[in-house]
Amino acid sequence: MSLLIRNGEIVNVGSRIKGDVFVENETITQIGQNLEVPRGAEVVDATGKLVFPGFIDPHVHIYLPFMATFAKDTHETASIAALVGGTTTYIEMCCPNRNDDALEGYQLWKSKADGKSACDYAFHMSVTKFVNETESQLREIVADGTASFKIFLAYKNFFGVDDGEMYQTLELAKKLGVIVTAHCENAELVARLQQKLLTEAKTGPEWHEPSRPESVEAEGTGRFATFLENTGATGYVVHLSCEKALDAALAAKARGVHIFVESVLPHFLLDKTYAERPGVEGMKHVMSPPLRAKQNQTVLWNALAEGSIDTVGTDHCPFDTEQKLLGKTAFTNIPNGIPGIEERVNLLYTHGVKRGRLSLDRFVDAASTRPAKLFGLFPRKGTIAVGSDADLVVYDTNYRGVVSAKSQHTNNDYNGFEGMEIDGRPSIVTVRGKIQVRDGKFVGERGRGKLLRREPSHF
Ligand SMILES: [Zn+2]
């Protein structure tokens with residue numbers, strides 16, 4: 001099986017060249033100008049188009065029992081949505097809760113993906129308690145190729161860890177050379193503020209943001225950083241949403257703490273007025289940390305442009321209208337999540353690169369190369385280079401369209417970004433050399449995706 005992608009503009013971080021990419025079997029074997037077409041090779045004409053390394057979403061939820069229900073996607077639906085949108089690898093949060101056995105949870109999450117995903121995938125292993133068997137279980141999981149952890153400072157008594165458990169997790173992560181991702185909100189303050197608001201009969205989705213204000217996220221971010229500082233571990237703040245939390249992360253970075261920052265698509269494009277819409281419209285826009293006051297968006301775009309926000313993920317987590325309505329009498333029961341696995345690349349390209357907020361370089365870096373580097377996938381993923389996996393996105397910058405639930409592949413009955421313009425979309429998407437998408441349609445092989453083994457990064 002061979003494939004020649006001809007005459008495109010090949011974009012890597014730090015370089016843009018016009019040329020051809022030749023793929024044999026699953027791997028890029030040649031990059032150059034006017035490459036010969038071997039007999040039997042399939043040829044894709046990329047004239048006038050950009051050729052990107054396959055995009056990587058470092059933060060998604062697919063199988064997820066949460067808030068008395070289950071997220072709607074399967075690996076089949078989520079991977080097709082990802083691919084249509086140009087994402088060829090995702091990293092799913094494996095999230096057993098405090099009552100579950102970690103190793104059993106890990107096996108369960110793996111079984112849900114096995115043979116189902118059309119794109120490649122990996123896991124972050126959540127540590128939701130630290131008990132006698134935790135260390136040996138985590139060592140086994142890391143040895144199995146899952147070399148990153150996730151902790152929640154929020155979600156008290158469910159996913160959340162206390163400070164002691166956070167310390168133990170970071171200490172072990174430091175020993176193993178494993179990066180720890182963290183949801184940074186103060187669980188105690190969230191629980192108290194939620195109770196206070198409900199007691200005052202403030203039950204609608206517009207009260208979700210006031211129950212977890214910016215200061216609560218800034219405290220979580222700062223505390224996580226302080227624990228990194230005192231254990232020497234390397235950390236990654238997931239879905240950072242606001243200026244105050246960014247300040248806490250950057251202050252830590254400035255004093256030498258090994259801390260990286262992810263923000264997610266909704267926080268760049270949606271503000272808290274979306275969650276203030278009446279009834280279910282507001283509920284659709286409930287996630288945590290919540291959508292913030294609009295002025296934070298400029299701060300996030302600028303930080304992304306200069307690289308102090310490292311990556312852009314989605315926190316993809318679809319709950320449909322009926323599930324969102326579980327919270328109709330109390331915002332605390334609204335399942336959290338604004339899905340975006342299919343929209344991330346196109347909306348970031350449109351509202352970032354095309355609108356002049358983001359260089360093409362930083363776009364590729366934040367959505368592909370840097371996640372690959374941080375999570376032990378580089379140079380297999382995240383770059384167009386000889387020897388790398390042939391995950392390629394031929395991108396049509398002349399396409400014009402609008403985001404709509406009617407045309408989405410995610411298993412959900414609405415889209416949080418409904419009506420937003422997109423200026424560009426993938427015309428061809430390959431996973432290890434096989435064409436999986438043509439012009440917005442999945443045309444590939446279901447179940448092609450592989451679990452990617454990752455080694456500890458030892459930053
Ligand atoms: Zn998440």
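Counting convention: from 1, in listed order, for ligands and their atoms alike.
The cationic group of K373 does not satisfy the cation-pi geometry with F375, failing either the under 6.0 Å distance to the six-membered ring centre or the 45° limit from the ring axis.
Defined by atom type and a distance below 3.5 Å, a donor-acceptor pair is missing between the side-chain atoms of N97 and T128. Between E421 and T350, the side chains place no donor N or O within less than 3.5 Å of an acceptor N or O (distance only, hydrogens not considered).
Distances from the Zn ion (ligand 1) to each N, O or S atom of H61 single out NE2 as the nearest.
Between the NE2 atom of H59 and the OD1 atom of D315, the angle taken at the Zn ion (ligand 1) works out to 90° after rounding to 10°.
Among the candidates R432, R448, K450, the single residue satisfying the salt bridge (Lys or Arg N to Asp or Glu O under 4.0 Å) test with D120 is R432.
The Zn ion (ligand 1) does not have H183 among its coordinating residues (no N/O/S atom, backbone or side chain, under 2.8 Å).
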